[in-house]
Amino acid sequence: MGVFKFSPEDFLFTCLGLVLLLLDIVLDIVAVWDFYREEDYATLCILLLLLVGSSVLVQAFSWLWYSYEDEDQRQTTVDKCLSPFMLKFLHVLQLGMYLRHAGVVELSLCRSSSDIREAVAVYQSHDLSMLRLIETFSESAPQLVLMLTIMLQSGELGPVTVLKACGSASAIAFSVTMYHRSLRSFLPDKEKQRMMSSAVYFLWNLLLISSRLAALALFASVLPCFVFAHFFCSWIVLFFFAWWSETDFMDSPCGEWLYRATVGLIWYFDWFNVADGRTRCYHPNLAKEELKGDATVGQGPTMLTTFSGDEPDSSISSAANEVPEEIHLQCISLNEDLDTDVANRSGPGAPAPDLKRCNKRMRKLAENFYS
């Protein structure tokens with residue numbers, strides 16, 4: 001089986017993601033102050049609602065994922081030195097994302113790096129990519145619609161509004177690109193994505209998603225009151241389809257309902273595959289081609305998942321050729337005589353020394369995406 005490798009490019013993207021996160025916070029503070037100074041309290045309230053709501057949602061997912069793990073499964077010094085109460089308290093203070101970034105940086109800079117620590121770094125980076133994706137479509141995407149609406153209604157290009165719009169658009173494209181890189185890491189023949197490919201995919205998502213958000217901004221600039229009704233009605237329908245898809249992403253029922261509600265929010269702005277099968281037909285803006293091959297999903301992360309073919313990585317790819325050989329997803333590698341699900345934290349003992357950890361949540365999404 002393949003072993004997850006945390007490449008220098010992955011470390012670079014992780015650090016870049018942290019920089020963009022801090023830069024986004026600075027722009028948020030500047031935007032809040034600018035709207036307050038101009039006494040535009042309606043826009044200020046909407047912006048604060050997006051900021052607070054998105055942060056609480058991301059921290060909720062981060063805390064739930066920590067709660068699914070046993071303390072002996074944590075491999076970083078940052079995680080080990082914190083009690084469950086301190087972890088919860090840091091998430092209440094909205095510091096969960098920074099805690100996860102610190103863990104990845106610690107594992108990346110560790111000189112005595114082993115396969116176990118490298119696999120844990122990949123595991124943590126996969127969680128970060130998913131959290132950034134959730135933050136993107138709960139904060140950056142609505143913010144971009146808000147900024148474009150302000151520019152269309154006022155007819156002016158304010159420096160703060162333009163900077164915030166550009167920052168939100170870049171954050172959206174970057175988060176989707178990182179999410180795609182995480183999915184590709186489960187395919188051995190596509191594990192390493194070159195920087196040029198990531199740049200092209202970044203530009204593609206920037207143009208593709210921005211067009212959808214620009215259309216919403218045009219709608220909001222003409223009928224600002226109806227856009228909220230449009231969002232709520234659309235979200236109800238999309239939430240129903242997420243429930244109908246019978247998603248199995250979280251390890252608790254409450255967490256699963258929260259995930260389905262979040263999927264409905266993401267689907268309002270972009271396509272996001274959440275279940276094995278024909279989820280693409282639920283979204284009106286999706287290509288109708290069927291995915292090649294049928295997925296055989298194992299009963300746990302220790303099982304191999306095989307596919308008879310692969311789909312193009314993006315819509316800009318030309319018609320894909322048939323892939324004759326089966327593509328195997330990378331999974332957790334234990335001893336050959338063991339078939340223990342590492343994602344099941346119910347075992348009392350610590351993981352075996354030769355464990356190669358795999359993110360069960362991202363593995364499920366990779367199965368869905370490539371099935």
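One-based numbering along the sequence shown.
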Sequence-distant partners of [X], side-chain hydrogen bond (donor to acceptor under 3.5 Å, both in side chains), two or more places apart:
X      : answer
Asp127 : Arg100, Asn359, Arg361
Glu38  : none
Tyr179 : none
Ser252 : Tyr68

Shared hydrophobic cluster for [X] and [Y] (ILVMFWY, side-chain gaps under 4.5 Å):
X      : Y      : answer
Leu206 : Leu163 : no
Leu51  : Phe231 : no
Phe240 : Phe232 : yes

- Message: Enumerate the salt bridge (charged side-chain N to carboxylate O under 4.0 Å, His left out) contacts for residues 157-171, please, sequence neighbours excluded, ordered by first and then second residue.
- Response: Asp24-Lys164, Asp28-Lys164
- Task: Would you mind listing every salt bridge (charged side-chain N to carboxylate O under 4.0 Å, His left out) that reaches into residues 142-154, with sequence neighbours excluded?
- Result: none
Would you say [X] and [Y] make side-chain contact, with heavy atoms under 4.5 Å?
X      : Y      : answer
Ser67  : Leu64  : yes
Leu216 : Leu148 : no
Leu258 : Leu57  : yes
Tyr268 : Trp235 : no
His91  : Ser62  : yes

Side chain to side chain contact (heavy atoms under 4.5 Å, CB included) involving [X] - partner list, sequence neighbours excluded:
X      : value
Ile46  : Leu50, Leu146, Phe228
Phe219 : Leu223, Phe226, Val227, His230
Ala141 : Phe137, Ile172, Leu213, Phe269
Leu218 : Leu152

- Is the Tyr66-Trp63 ring centre distance short of 6.0 angstrom? no
- Message: The criterion is salt bridge (Lys or Arg N to Asp or Glu O under 4.0 Å); which residues satisfy it with Asp40, sequence neighbours excluded?
- Response: none
Going by atom type alone, with no hydrogens or angles, which donor-acceptor pairs under 3.5 Å involve a side-chain atom of residues 154-162 and a protein atom two or more places apart or on another chain?
residue: Ser154; atom: OG; partner: Ile150; partner atom: O; Å: 2.7
residue: Ser154; atom: OG; partner: Glu156; partner atom: N; Å: 3.4

